[in-house]
Amino acid sequence: MGSVDIPRESWATRAGFILAAVGSAVGLGNIWRFPFQVGQEGGAAFLAMYLLFIVAVGFPAMLVEFVVGRYTNRNPVGALKQLGSGVWQYVGWIFIATGFIILSYYSVVAGWTIRYFILGLQNEYLADPEASGGQFLELASGLDAIFFHALFMAIVVAVVAAGIKRGIELAVKVMVPAIIVITVGMAIYAFTLPGAGEAYSYYLSPDFGVIAENWTSILPAAAGQAFFTLSLGMGAMITYASYLDEDRNLAEDGAIIVGFDTSIAFIVGLVVFPILFTAGVDPGDPGAGAIFISLAAAFGDIQFGWLIGAIFFGTVAIAALSSAISLLEVVVSYLIDEKGIDRKVAAVGIGGGLFLLGIPSAWDLVLLDLFDLFADQILLVFGGLMLAILVGWVVSEIALEELSKGIGPLGSYGTVWIWLIRIPVIVVLVVALALGVVEYVDFLTGTEEGQFGWWLEENL
Ligand code: PFF
């Protein structure tokens, strides 16, 4: 059982590792998922809880994955086998399954971004939000969606099969600055819209009464979103940190990665909500279509909107690619290490399977929701919880020693980190997981529009 089939020098430079990790973190989670989660969970109340989660749970949990990866130099399954015996071996399997499920629908959404890139080039964004909504529904499911899902998957497979080093570094170097420049520019445009004031108070001034009233749904949603956006809970950061040599300051790197990721999500909110409010669309309504409907309508409205839109959706597609690569890499690195399968064969085989598994999501939005909720609110949170238990309680000495490499004596910071993981992080994740399961059961059995039970009633 060796380490992953990529020369470890890949991330031997500090910038290489940070760029790759930022590439994994920054993706559809920030630009597509974040705004519609805010919309569905009540605006600023969700934002407040989400930010709290990022700092108090996400950041310590990222360090957990980093130390596990760098210490073991293994893929996630191998890493857990090395650190814990018995039941821990199966946890690695859950990571693999989670990666598989997420990538199946992630690729469908990424396919939409390619479609919307082309829509820009065709100058076909519709300024009227209602018409733009209709256009989204038409493009988001059915044969069109399946085709672009296949195209995106094929690109991901090609990059991973070829080895990921240059692809990711290049993509990230172009992509992160591009996303920041474009979204900041759009946030300035959004600031000038008549709905901006109302949108800011919706997005930025939390009503703690809303949190108190809806915490059972906000908490699991914020936990799921924090793990999703930081690429935690399924071993992606273990895999990337396994390519590191010893002397990086992981806390500093982690802070940079978390900082970039959170800033991008936050700015996207400053773009999307003013547009939705100006158009008179309730931010909770458009669900998975939020950015496609609102942004496309804005692009349809402004001068050279087709070009800005094409650049925007093109950049998002690249951001999705660098995240999807890390998702596929987790599964492929497992097959290479533990099963001795050739990289190309593994990438093509898994890619084919992912294409098939994504077809239901490309066929109907409710099925995409079904996969997405399950992966975020249950699987990722469960994965994060298991790692917290392992590192906090089983191998904490090793973890502290590993974290101190490149930093020096941790002193009380180390104690704070370990105790944060041992009790508050674990308790919060247990609660979030329990609530997430309840929500999911509701979703499966519920008969409100947008829920799976409703879908079954309508379709069967
Ligand atoms: N962090 C990615 C995003 O925000 O789009 C999604 C993701 C990538 C989740 C890798 C999990 C993962 F392992």
Side-chain angles (χ1 to χ4, degrees), residues 19-38 50 53-54 58 61-62 64-66 68-69 75-77 79 92 94-113 152 156 159-160 164 168 171-172 175-176 179 183 222-242 254 257-258 260-269 288 291 315-334 354 371-384 387:
L19 288 174
V22 169
S24 170
V26 174
L28 297 173
N30 310 59
I31 300 161
W32 161 70
R33 200 170 191 283
F34 172 74
F36 90 79
Q37 288 295 300
V38 175
Y50 165 78
F53 252 99
I54 292 284
M62 181 173 280
V64 164
E65 294 210 14
F66 283 172
V68 168
N75 72 85
V77 176
I94 294 175
F95 291 167
I96 304 294
T98 309
F100 212 83
I101 293 174
I102 293 183
L103 190 47
S104 75
Y105 71 85
Y106 199 87
S107 165
V108 174
V109 179
W112 300 344
T113 64
F152 181 79
V156 178
V159 176
V160 171
I164 59 175
I168 287 192
V172 180
M175 169 199 103
V176 173
I179 290 183
T183 44
Q225 177 61 21
F227 273 79
F228 188 86
T229 192
L230 296 176
S231 302
L232 298 174
M234 50 149 290
M237 291 300 174
I238 295 180
T239 310
Y240 275 8
S242 76
I257 296 159
V258 171
F260 265 122
D261 189 77
T262 310
S263 311
I264 291 178
F266 180 74
I267 303 170
V268 171
I291 65 154
T315 313
V316 177
I318 297 172
L321 180 63
S322 63
S323 299
I325 288 167
S326 73
L327 281 158
L328 184 58
E329 183 62 20
V330 171
V331 185
V332 166
S333 72
Y334 161 75
L354 282 164
F371 279 93
D372 181 49
L373 261 190
F374 182 59
D376 296 307
Q377 297 198 4
I378 299 182
L379 292 175
L380 290 183
V381 175
F382 180 75
L387 282 173

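This chain uses plain numbering: 1 for the first residue, then up along the sequence. Computed from a predicted model, the values in this text were never measured in an experiment. Just so you know, ligand 1 is whichever comes first in the structure, and atom 1 is the first atom listed for that ligand.
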message: Distance under 4.0 Å to a non-hydrogen atom of N30: what atoms of ligand 1 satisfy this?
response: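 Here the atoms of ligand 1 in question are 4 (O).
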message: Show the atoms of ligand 1 that are less than 4.0 angstrom away from any heavy atom in Y106.
response: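 Checking each atom against Y106, I get 2 (C), 3 (C), 5 (O), 6 (C).
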What distance separates [X] [atom1] from [Y] [atom2], expressed to the nearest 0.5 Å?
{"X": "D372", "Y": "Y106", "atom1": "CG", "atom2": "OH", "result": "11.0 Å"}
{"X": "L327", "Y": "S322", "atom1": "CG", "atom2": "OG", "result": "10.5 Å"}
{"X": "F371", "Y": "L103", "atom1": "CZ", "atom2": "CG", "result": "12.0 Å"}
{"X": "S242", "Y": "Y240", "atom1": "OG", "atom2": "OH", "result": "10.5 Å"}
{"X": "R33", "Y": "Q225", "atom1": "CZ", "atom2": "CD", "result": "5.0 Å"}
{"X": "L230", "Y": "D261", "atom1": "CG", "atom2": "CG", "result": "5.0 Å"}

field: Closest to atom 3 (C) of ligand 1 (judged by heavy-atom distance), picking from A25, G99, G233, A21
entry: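 Checking each option, the heavy atom nearest atom 3 (C) of ligand 1 is found in A25.
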- request: Step through it carefully: locate the ring centre of Y334, locate the ring centre of F95, and say whether they are under 6.0 Å apart.
  value: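 No, the ring of Y334 stays outside the 6.0 Å limit from the ring of F95, centre to centre.
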For [atom], find the nearest protein heavy atom and state the residue, atom name and distance (0.1 Å precision).
{"atom": "atom 9 (C) of ligand 1", "value": "F228 O, 3.4 Å"}
{"atom": "atom 11 (C) of ligand 1", "value": "S231 CA, 3.6 Å"}
{"atom": "atom 12 (C) of ligand 1", "value": "L327 CD2, 3.4 Å"}

Under 3.5 Å: N/O of [X] near N/O of ligand 1:
{"X": "G29", "answer": "yes"}
{"X": "D261", "answer": "no"}
{"X": "M234", "answer": "no"}
{"X": "S326", "answer": "no"}

query: At the 4.0 Å heavy-atom cut-off, does F227 count as touching ligand 1?
result: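 For ligand 1, residue contact (heavy atoms, under 4.0 Å) with F227 is absent.
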query: Does at least one non-hydrogen atom of L28 fall below 4.0 angstrom from an atom of ligand 1?
result: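 So L28 counts as touching ligand 1.
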message: Holding to side-chain contact (heavy atoms from CB on, under 4.5 Å), I want the full list of residues that pass it with I318, two or more places apart in sequence or in another chain.
response: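 Result, side-chain contact (heavy atoms from CB on, under 4.5 Å) vs I318: A171, M175.
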field: ligand 1 contact on S24 by region, counting heavy-atom pairs under 4.0 Å
entry: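 Both the backbone and the side chain of S24 come within reach of ligand 1.
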- prompt: Side chain of S231, backbone of S24: donor and acceptor closer than 3.5 Å?
  reply: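 Checked: pair present.
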